[in-house]
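Scope of the values below: all heavy atoms of this structure, side chains included, with no hydrogens, waters or symmetry mates. Sequence lines set the chain letters: A, B, ... in the order given, protein chains first and strands last, and positions in each chain run from 1.
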Amino acid sequence: MASLTYTTAARIATRELHSSRGKFTFVILSVAIGVAALTGVRGFSASFRTMLSLRARSIMAGDLSAKTTRQPTPTEQEGLDRIAAEGVDSTQVTELNSMASAAGSLDPLLVSVKAVDPEKYPFYGAVDLVPNVPLAGALTPSTVAVADDLLIRLHLSLGDSIKLGNGLYRIVAVVKNEPDRLSGTFAAGPRILLSQQALDDSGLVGYGSHATRRYLYKMPPPRPGKASPDDAVAAMKTRLENLLPDAQVTDYREASPALARGLDSSTAILSLMSLVALVLGAVGVAMAMRAHLQQRLDSIAIMKSLGAGSLQIMKIYLLQTLLLGLAGGLLGVLLGLGVQVAFPLFLAKLLHITPDFRVDPRAVVIGLAVGLLTTLLFTLPTLLEIRSMRPILILRRAVDDIDVTFRERVQHWLKNAAKQMPSFIIIVAGLGLIAARVSDSALTGEIFAGALVVVLLFLFAMSWATLSLLRLFLGKTRLHLPSAVRHGLANLYRPGNPSAGLLAALGLGVMQIMTVYFVQQAAVQELHISTAANLPNVFLIDIATSEVAGVRALLAQQPGVQGTPEIVPVVSSRLLAVDGVPAEKLKINHAPRGMFRSLNLTWSPTPDAPPPGSKVTDGQWWTAQQSADAARHPLVAVGKGDADRLHIQPGQQVTFAAEDSQFTATVAAIFDTDSRHAYSRAEFVLPEPVLRGLPVVWYGGVHCEPKATAELERAFYAAYPTITVIDVAATLEVVRQVILQITYVIQFLAAFSIFAGIVILASAIAGTRYRRIREVVVLKTLGATRTRIAAIFSIEFAVLGLVAALVGLVFANITAKLVLHYVLKIDYHFQPLLTLFTLLLTAAMTVVAGWLASHRVLGQKPLEVLREE
Amino acid sequence: MTTAPSVPSETAANAPMIVVDALRKSLRTGSTNVDILKGIDFTIARGEFAAIMGASGSGKSTLLGLLAGLDNPSSGSVALNGTVISNLPEDKLAQLRGRTVGFVFQSYQLIPTLTALENVLLPYELNDESGDRKAGMDRAKQLLDSVGLTTRLDHYPVQLSGGEQQRVALARAFILRPPIVLADEPTGNLDSTNGQHILDLLLHLNQVEGTTLVLVTHDPELAAHARRIITLRDGLVVSDTIQAGT
């Protein structure tokens, strides 16, 4: 039996595509948008990963790193000295946040301090300084290098002096880049780079103070007959983990593990967001193909009349779909390179580093394959409809009986829906597989596919309902409306016009971007909410025991301070066991295993009562007598959060280690603390006699009138320059900037979905171009000016945009409310002005897109069109 | 070629309604120029009923379109009710058309998203300056009643038969009582009964309201009802005759 060859099918397919170039240009663009987003995200991620592995040693500035928040115990120091004696080079990097000011002024600024040994640091990579002087020359006991930002904020220049703690230092260089910036701690302020000697002289780091120490190690070069470099590194890592159980030990092969994990998670999330744009593009292809097939009914009828089977005809349109998907995919890959270049611009303030631009073949292949597969999936139902097209019906142009009843209409719809069900299942399953692949998680893939389909269905239902209500409204009021408005609204229901499905697609894009925006706004707004009068909004870090009385006195003198300050003693400790079970073997709920490596212990100011802001939820607090006797019979109260995570209950025995000693305490009570109190810093409260003699650092929390905060900072800086004063509002501003940076990236990708939605809307409008031209001709014949015609069409486009935006905004508000309430535990507030702005902006974008898709319809001479009738 | 009949001396009252002077129209298709009209001259008097006949491809529909100002001639001019329309700007042309010309298309050309009543009302809304919407509504309903569609006011074109759609189109063409009605094969897509009905309406409007009627047709039976028949062949007028007894 003869069959339509692929060559013939391809010839027919390409000729048809060529003759409908304009219409399919939009379709190709809609696919390209999604592929661009996906390829850009994955390309950037791959480049970043490559950079991390190529520059791993530089990013760590060593072969290994051991990060700890306390000074080594004497035993630990002996072990470290032995390592040094074996030829393993090591150097210490100390990082902390503190206060600094210009030499002549006492207006302090929160800065991020990093002290290094400039003779050794860094082991790999280099610090970029301006002017380009050797690091050892820039970081002497009396000189420092600072970031540009610090110079600006303190109004300083090179050569000026800066006060840090008890020391005064001259600024000799600007720090442009540090190789291990990504591996360091979170920088709450601009950078000051100085030598370890200079840091010691400043008095900022005392016994028990909360500075992060990173010990960097460089392995000696391999000797013949000895272990290979990687084996030696692995062995050293194990040794350091045993020597420093509190420390986080990593080697260069897992450089910045938190960053790598963060990169993987972000890539998965952003890939899924890109997939939404891709799905919209595929929806656009499917709808365009459906409209295209409707126009090709005559050709299909003729082919079937001539003996062509459905499969043979499907070959033609399958090839067309493949060509469209491929064209869109290739264009998308090119655009994706632009996205890949744009990403670092959004993340500049977060990452401080730009990966080299590289084309990742894997990202390209995945982008292309996903684009093609998604397009095919969504076009499947349309292609399968070819089977049911009967030539005689097409050639006779049978029209539905206009008197069909509602029940018959519903039955017909249900029958159609049942026929489409297998395709629907295939689409959802296919989408799930694709989502699982791009997110590297089968569960995520299933949830994503299911959620996307459910959301699209809801959006579709709401679009359909809105359009139906509008039609009802039009039916009741049409003759009372101005003519142009009536005509514009009536045009919404023109055959071939964008349907509820397309409006739902655009609505999805609006929903995505506005959900992110609402959540971002609420989260950022929450950061600005001022605390109640009796809760701290200024925190004091690293108060030495000898300074406590003076700090209390100073606070008492400050006119802006309200209520009683909370000065909390904290002892750093480590959890060793619970009821004899070693910490490593404990079952821990929803927390990293390393949580027990560094715990904060404290004691209550009142011996026989919980600290301020805390209340007992289980067990019983100890009496004054028990407190006095606690050195012999230690007791402990555990915060509810940690008690739940570690499954601790009253009566159990908990063993702690602090410095070189350890002790076991009986759990007397479980308590809960309001997180806005300073005492919430410590999860374990013991009677003071138990902790006597251990190194203590004090933390303070005080409520100060916002306008008096600067005065408080100045007073502290003058009297206690080594105490860090953190104005919550200023710190929250830093956090706010981080949130904004992250959400900019998400919004950037969500914008792709809107763009895809607008493009497929424009594609549908372009598909009705001929009908519009005919309408324009008739209107011109009847005396309508171009202005009048433009008004009618503009109203039509604007209403399309408004419906899509309305639908998207409703769901954005619902989604934002759910996320804020259940995930972030923040109140949700409806934002009417923003909602109105979004409605108008979407309407405006739709009008522009509609006119771009309808260009030249106004300029056609009526007779040219009529002649073609 | 038969010369056009002489027109009585012109006074303001019986000045020609349509004046066509050396009208030419060429079209470019690919790399060749095709001359559709090669020099047409005639006038049509006020209240006259003229039929333009010719075989397919003779240029009659193009001529009708130029008379309505739906395109610009390559050379020559067309004047409607004393105004030369050939090179008017598009919007001015639209306004003139709206007030002066009622056009009936062969394929009805109703706006599919508007009801029958709204379609008839459309020219009134586009061109009336009095702002009296009620008057327009009443006139539209009266016209639809006169063409036998009282019960179909709220129906969309897709719900009407071909004959009904053409009747709506006729009513639309007459709502502003235009002095000129141009009809392009108005019965071409209708069966004989509906076609006769449409013709009767056109004749009534010409004879009772004095509308100048120009009809393009290839049907001699239809053309026989006209007072004057202008025959085109290959873009030129080959005969222009007054029918005896009309």
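- Note on residues 784-794 of chain A: pairs passing salt bridge (Lys or Arg N to Asp or Glu O under 4.0 Å), not counting sequence neighbours, are A:R786-B:D91.
- Neither the backbone nor the side chain of A:L489 comes within less than 4.5 Å of any heavy atom in chain B.
- The part of B:Y156 that comes within reach of chain A is its side chain, from C-beta onward, which places non-hydrogen atoms under 4.5 angstrom from that chain.
- Neither the backbone nor the side chain of B:L110 comes within less than 4.5 Å of any heavy atom in chain A.
- A donor atom on one side chain and an acceptor atom on the other are not found under 3.5 Å apart for B:Q165 and B:H155.
- Listed by first and then second residue, the salt bridge (Lys or Arg N to Asp or Glu O under 4.0 Å) pairs involving residues 161-180 of chain B are B:R152-B:E164 (not counting sequence neighbours).
- Nearest heavy-atom pair, B:S146 versus B:L143, reported as atom, atom and distance to 0.1 Å: OG-O, 2.6 Å.
- For B:D234 and B:K38, the salt-bridge test fails: no basic side-chain N is under 4.0 Å from an acidic carboxylate O.
- For chain A, the option among B:E118, B:R133, B:Q95 with the highest count of heavy-atom pairs below 4.5 Å is B:E118.
- Counting only heavy atoms from C-beta outward, the side chains of B:V147 and B:F174 never approach each other to under 4.5 Å.
- Of the atoms belonging to B:L122, it is side-chain heavy atoms, and not backbone ones, that fall under 4.5 Å from chain A.
- Counting heavy-atom pairs closer than 4.5 Å to chain B, the top-ranked of the candidates A:L779, A:T787, A:L782 is A:L782.
- With chain B as partner, the option from A:S483, A:A784, A:G783 having the largest number of non-hydrogen pairs under 4.5 angstrom is A:G783.
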